[in-house]
There are 2 protein chains.
Amino acid sequence: MRPAPDRRRQLLDTAAEVFAAQGYDATTVRRIADAAGLLAGSLYYHFDSKESMLDEILSAFLDELLAGYDTVLAAGLGPRETIEALVTESFREIDRHRAAVAIFQKESRHLQDQPRFEYLADARHRFETAWLGTLERGVAAGDFRADLDVRLTYRFVRDTVWVAASWYRPGGRHSPEEIARQYLSMVLEGIASRTRT
Amino acid sequence: MRPAPDRRRQLLDTAAEVFAAQGYDATTVRRIADAAGLLAGSLYYHFDSKESMLDEILSAFLDELLAGYDTVLAAGLGPRETIEALVTESFREIDRHRAAVAIFQKESRHLQDQPRFEYLADARHRFETAWLGTLERGVAAGDFRADLDVRLTYRFVRDTVWVAASWYRPGGRHSPEEIARQYLSMVLEGIASRTRT
DNA sequence: TAACCTACCAAACACTTGTTAGGGAAGGAG
DNA sequence: CTCCTTCCCTAACAAGTGTTTGGTAGGTTA
């Protein structure tokens with residue numbers, strides 16, 4: 001008998017893949033079992049419910065992401081460098097947790113009403129603090145344009161990064177760092193205040 | 001007896017609202033009926049199926065949107081003005097069909113495999129032609145930066161516009177035109193090639 | 001008045017869903 | 001060998017799903 005404690009993670013990975021492709025509600029437990037090569041009932045040896053699979057997928061991703069954000073924020077960089085680091089970190093996370101990111105994008109909005117998934121709203125709030133705070137700091141420091149609505153800018157930056165998960169495929173032409181660089185180039189040249197008026 | 005030929009559209013509007021909020025698969029026919037103030041079975045007097053409601057919502061929206069795009073493209077504007085017009089038109093469409101846009105965003109990816117919803121893939125292709133063509137034209141004309149990956153730029157512009165549907169609420173602080181102006185300001189200052197190197 | 005149409009309800013249908021209970025095969029430990 | 005744990009299967013369950021059928025209130029037409 002193999003020990004296989006990573007069997008659990010392996011099942012979660014295939015589940016995440018199916019969830020991301022079909023949507024959580026449209027995905028049946030039997031479909032996951034098919035993709036994993038076992039029968040539907042057998043999944044319940046590893047997990048108590050379909051919902052707890054989703055829970056584990058999302059919280060594992062968010063834990064890692066928020067830890068990465070905290071590291072960036074603790075580095076004490078300037079506003080512009082912080083934004084650059086946040087974007088790069090985000091694309092690395094998309095590279096590693098593409099499926100989880102796609103699920104989060106699609107389902108979090110209506111999941112966060114459920115008590116079990118309250119932490120999704122918390123995560124959103126911590127995103128907002130990180131991004132919005134950095135933007136405001138940058139506006140005050142003169143790094144970013146002051147003539148834009150800050151909240152609109154925040155949503156703009158946040159969305160431009162995260163929607164990439166809907167088309168990004170690991171192993172493609174561009175590395176996460178390369179994509180981050182191009183995105184930053186596009187975003188910053190619009191956000192950074194011109195040195196010459 | 002009231003004639004009420006718009007009863008159909010009224011039902012479609014509430015259905016679209018529920019679909020957008022909960023997701024298509026997560027939405028039950030009884031939930032729609034509840035919101036509309038009748039019983040589940042009664043919906044089948046107006047529509048043959050739940051799927052055909054979705055079909056009608058999406059195709060009505062796409063018809064109007066693509067017609068708007070065609071008008072813009074037929075105007076014979078320059079690349080930059082075309083992009084501006086496309087973005088503005090898109091935000092107007094988001095303003096009018098917010099629910100349909102949200103549904104399209106969430107569900108189209110996995111719906112377009114079904115034969116019935118092939119037109120979704122067609123629509124995506126026409127989007128790509130409109131946006132990507134304009135961008136390439138602009139690069140050739142010197143309106144947009146040439147040092148960026150065009151496909152990446154296309155996805156960037158496209159996504160930044162459409163994700164706005166996930167947070168936009170009509171009747172808010174900003175009009176569609178105002179949001180379009182701010183978005184364009186952010187996007188273009190990054191895409192437009194600098195007049196001075 | 002009688003026939004008719006519109007818009008709905010009440011009740012059921014077949015089917016799929018997530019989930020559970022009991023059992024069994026395969027290897028490791030004693 | 002025997003016990004035990006791990007991992008899976010078989011078979012079923014109750015609840016909920018989209019959908020259909022027959023009926024009916026009430027206004028319109030003749």
Side-chain angles (χ1 to χ4, degrees), chain A residues 1-59 99 103 106-107 110-111 113-117, chain B residues 1-59 99 103 106-107 110-111 113-117:
Chain A
M1 264 277 116
R2 305 252 208 76
D6 31 28
R7 174 65 166 155
R8 186 187 187 81
R9 176 130 312 266
Q10 176 187 339
L11 290 173
L12 281 178
D13 283 348
T14 72
E17 222 61 50
V18 185
F19 284 156
Q22 322 232 344
Y24 172 72
D25 291 281
T27 300
T28 79
V29 156
R30 289 166 231 269
R31 179 81 186 69
I32 301 175
D34 264 15
L38 42 75
L39 290 189
S42 307
L43 284 173
Y44 288 80
Y45 170 73
H46 300 277
F47 310 97
D48 356 322
S49 68
K50 177 189 175 187
E51 199 181 73
S52 76
M53 293 190 224
L54 177 66
D55 193 348
E56 216 164 309
I57 291 168
L58 287 178
S59 55
I103 298 169
K106 268 194 232 170
E107 319 282 354
H110 69 268
L111 278 178
D113 295 336
Q114 266 171 280
R116 176 171 197 170
F117 292 97
Chain B
M1 262 274 121
R2 305 248 210 79
D6 31 30
R7 175 64 166 154
R8 186 187 187 80
R9 175 130 312 265
Q10 176 186 340
L11 290 173
L12 281 178
D13 283 349
T14 71
E17 221 61 50
V18 185
F19 284 155
Q22 322 232 343
Y24 173 72
D25 292 281
T27 300
T28 79
V29 156
R30 289 165 230 272
R31 180 80 185 70
I32 300 174
D34 264 15
L38 42 74
L39 289 190
S42 307
L43 284 173
Y44 288 79
Y45 170 73
H46 299 277
F47 311 97
D48 353 324
S49 67
K50 177 188 174 188
E51 201 182 71
S52 75
M53 293 190 223
L54 177 66
D55 193 347
E56 215 163 310
I57 291 169
L58 288 178
S59 55
I103 298 169
K106 268 194 232 171
E107 320 281 354
H110 70 269
L111 279 179
D113 296 336
Q114 266 172 278
R116 177 171 198 171
F117 291 97

Does [X] make a side-chain N or O approach to OP1 or OP2 of [N] shorter than 4.0 Å?
X: A:His46; N: D:dC8; answer: yes
X: A:Arg7; N: D:dT6; answer: no
X: B:Tyr45; N: C:dC8; answer: no

For [X] and [N], give me the distance from atom [atom1] to atom [atom2], rounded to whole Å.
X: B:Gln22; N: D:dT17; atom1: CD; atom2: C1'; result: 15 Å
X: A:Leu39; N: C:dT20; atom1: CG; atom2: P; result: 17 Å
X: A:Arg8; N: D:dC7; atom1: CZ; atom2: C1'; result: 14 Å
X: A:Asp34; N: C:dG18; atom1: CG; atom2: P; result: 12 Å

Point to revise | Geometric cation-pi criterion B:Lys50 and B:Phe19, 6.0 Å radius, 45° cone | key: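 That pair does not qualify as a cation-pi contact.
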Practice item. Name the nucleic acid region contacted by A:Leu38, choosing base, sugar-phosphate or nothing; use a 4.0 angstrom heavy-atom cut-off, strictly under. Key: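 If one applies the 4.0 Å heavy-atom cut-off, A:Leu38 turns out to touch the sugar-phosphate alone, with no base involved.
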Check your understanding: Rounded to the nearest 0.5 Å, how far apart are NZ of A:Lys106 and CG of A:Asp25?
Key ->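 If I round to the nearest 0.5 Å, the distance is 11.0 Å.
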**Study point:** Distance, nearest 0.5 Å, that separates OG of B:Ser59 from CZ of B:Phe117
**Key:**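 Reported value, rounded in 0.5 Å steps: 8.5 Å.
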Would you check if [X] and [Y] make a side-chain contact, meaning some heavy-atom pair closer than 4.5 Å?
X: A:Tyr24; Y: A:Glu51; value: yes
X: A:Leu38; Y: A:Leu11; value: yes
X: B:Leu111; Y: B:Glu107; value: yes

Exercise for review: Could you list by number each residue of residues 11-21 of chain B showing a heavy-atom separation from DNA chain D of less than 4.0 Å, or answer none if no residue does?
Suggested key: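 Those residues whose heavy atoms fall under 4.0 Å from DNA chain D, taken from residues 11-21 of chain B, amount to none.
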Practice item. Show your working on side chain to side chain contact (heavy atoms under 4.5 Å, CB included) between B:Asp13 and B:Ile57 and close with a plain yes or no. Key: CA-CA 8 Å; B:Asp13 283 349; B:Ile57 291 169; over 6 Å; no
Check your understanding: What is the per-nucleotide protein-contact pattern of nucleotides 18-23 of chain D, from the 5' end, where B denotes a base atom under 4.0 Å from a protein heavy atom, S denotes such proximity for sugar-phosphate atoms only, and - denotes neither?
Key -> BBB---
**Study point:** Main-chain N/O of A:Asp55 paired with A:Ser52 side-chain donor or acceptor, under 3.5 Å
**Key:**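 It does not hold such a pair.
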Exercise for review: Using salt bridge (charged side-chain N to carboxylate O under 4.0 Å, His left out) as the criterion, point out the one residue from A:Arg8, A:Arg116, A:Arg9 that pairs with A:Glu56.
Suggested key: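 Testing A:Glu56 for a salt bridge (charged side-chain N to carboxylate O under 4.0 Å, His left out) against A:Arg8, A:Arg116, A:Arg9 leaves exactly one candidate, A:Arg8.
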